[in-house]
Amino acid sequence: MTSLGRVLQVGRVALVATAAFALFAPAADAAFGVSSFSARVEKSDTTLETQAGGHPYVGITAFTFNATGNTPDGNVKDVRVDLPAGLISNPQATPTCTDTQLAASACPASSQLGTEEIVAVLAILPVTIKVPIYNMVPAAGQVSDFAFSIPVAGRTDIVGGIRDTGDYGLYFTIGNVSNAVGLLSSKLTFWGVPADSS
């Protein structure tokens, strides 16, 4: 694993988001965008993990969208996050959950990889929702599929792939994000060693 300092130098962590605007959207939608983005790997004491070949305690990706008051300035549709070369996830390290199990809220606890915490607008008020992320059985052609389900918005998949730019780094895409909620922010936390009792 490359050090975070080197990661920041090469600028490999990128977020790409596109907006889908409603017809009735106010002029403020022209300001839609990402107001903050961070990605880091941490030790159990929350300091940065910089050891090459190390096993981070957690990996956290967080972003916040522009908003006017409690109203997001648009709706995110697609998100892509590229990992730095050398930073990998291993979807074979834990058991998997099936689509049927996820739909029934019956994924095995051993298939949980972390948590997703969003702040979204529901009935004009911002609400924080935190749900587990599970290691799913990937479809053909997918490197990995991690998924979570949020009330009202439904299922969201984080699909892994490999860049073909020569460094063979990983990327993750979240496509067709539900517009059932007004997404203000997202904090995705992957556990470094899911089986760790802590």
Side-chain angles (χ1 to χ4, degrees), residues 7 10-40 59-68 70-85 87-89 91 97 99 102-103 113-122 126-165 167-190:
V7 169
V10 297
R12 288 286 188 190
V13 176
L15 171 71
V16 179
T18 58
F21 300 105
L23 292 175
F24 57 85
D29 283 349
F32 176 76
V34 177
S35 62
S36 68
F37 173 77
S38 67
R40 54 190 282 135
I60 301 171
T61 303
F63 49 88
T64 302
F65 296 103
N66 292 340
T68 303
N70 289 335
T71 305
D73 289 338
N75 294 311
V76 66
K77 181 179 176 230
D78 301 306
V79 176
R80 174 174 163 157
V81 176
D82 287 279
L83 299 185
L87 180 61
I88 63 167
S89 62
C97 177
D99 293 341
L102 183 66
L113 302 171
T115 60
E116 167 66 8
E117 182 176 321
I118 69 163
V119 177
V121 178
L122 295 173
V127 176
T128 300
I129 302 168
K130 189 172 183 177
V131 294
I133 298 173
Y134 295 103
N135 186 21
M136 305 300 295
V137 176
Q142 294 178 338
V143 172
S144 62
D145 181 7
F146 308 135
F148 58 90
S149 186
I150 292 183
V152 181
R155 176 178 172 161
T156 299
D157 289 86
I158 305 166
V159 178
I162 299 175
R163 289 191 298 271
D164 59 1
T165 59
D167 68 3
Y168 301 105
L170 298 180
Y171 67 87
F172 294 99
T173 58
I174 304 171
N176 296 315
V177 175
S178 171
N179 289 330
V181 297
L183 183 62
L184 293 170
S185 68
S186 168
K187 181 180 178 183
L188 182 68
T189 302
F190 279 110

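As the structure is a computational prediction, the values presented were derived from the model and not from experiment.
In this structure, Asp145 CG and Leu102 CG are separated by 9.5 Å, a value rounded to the nearest 0.5 Å. Taken to the nearest 0.5 Å, the CD atom of Glu117 stands 11.0 Å off from the CD1 atom of Ile133. With rounding to the nearest 0.5 Å, the separation of CG in Asn75 from CZ in Phe65 is 10.0 Å. Remark: Ser35 OG to Leu184 CG distance equals 9.5 Å, nearest 0.5 Å. A distance of 10.5 Å separates CG in Leu113 from CE in Met136, rounded to the nearest 0.5 Å. One distance of note links NZ of Lys187 with CD1 of Ile118; it measures 14.5 Å at 0.5 Å rounding.
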### Message
Run the side-chain contact (heavy atoms from CB on, under 4.5 Å) test on Phe146 and Asn135 for me, step by step, so that the C-alpha distance in whole Å, both residues' side-chain angles and the decisive distance to 0.1 Å come before the verdict.
### Response
CA-CA 5 Å; Phe146 308 135; Asn135 186 21; 3.4 Å; yes

### Query
Please walk me through it: do Thr156 and Ile150 pass side-chain contact (heavy atoms from CB on, under 4.5 Å)?
CA-CA 8 Å; Thr156 299; Ile150 292 183; 5.8 Å; no

### Intermediate values then yes/no, side-chain contact (heavy atoms from CB on, under 4.5 Å), Phe190 and Thr61
CA-CA 9 Å; Phe190 279 110; Thr61 303; over 6 Å; no

### Task
Start with the C-alpha distance between Leu170 and Ile162, add both sets of side-chain angles, then the distance that settles side-chain contact (heavy atoms from CB on, under 4.5 Å), and finish with yes or no.
CA-CA 5 Å; Leu170 298 180; Ile162 299 175; 3.9 Å; yes

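Residues Glu116 and Ser186 approach most closely at OE2-OG, 2.6 Å, considering heavy atoms. Shortest non-hydrogen contact noted between Ser149 and Val131 is O-CG1, 3.6 Å. Across Asn66 and Val34, no two heavy atoms sit closer than the pair OD1-C, 4.1 Å. Listed here is the closest heavy atom pair of Pro84 and Arg163: C-NH2, 4.2 Å. Nearest approach of Val121 to Pro72, heavy atoms of both residues: CG2-CD, 3.9 Å. Closest of all the heavy-atom pairs between Gly160 and Phe172 is CA-CD2, 3.6 Å.
You'll find the side chain of Val79 reaches within 4.5 Å of the side chain of Phe63, heavy atoms only. In this structure, Phe32 and Val76 have side chains that are in contact, with non-hydrogen atoms separated by less than 4.5 Å.
Remark: Asp78 does not engage Arg80 in a salt bridge, criterion side-chain N to carboxylate O under 4.0 Å.
Of the possible donor and acceptor atoms, none in the side chain of Thr189 sits under 3.5 Å from a partner among the backbone N and O of Gly114. In this structure, the side chain of Asp157 does not engage the main chain of Val159 through any donor-acceptor pair within 3.5 Å.
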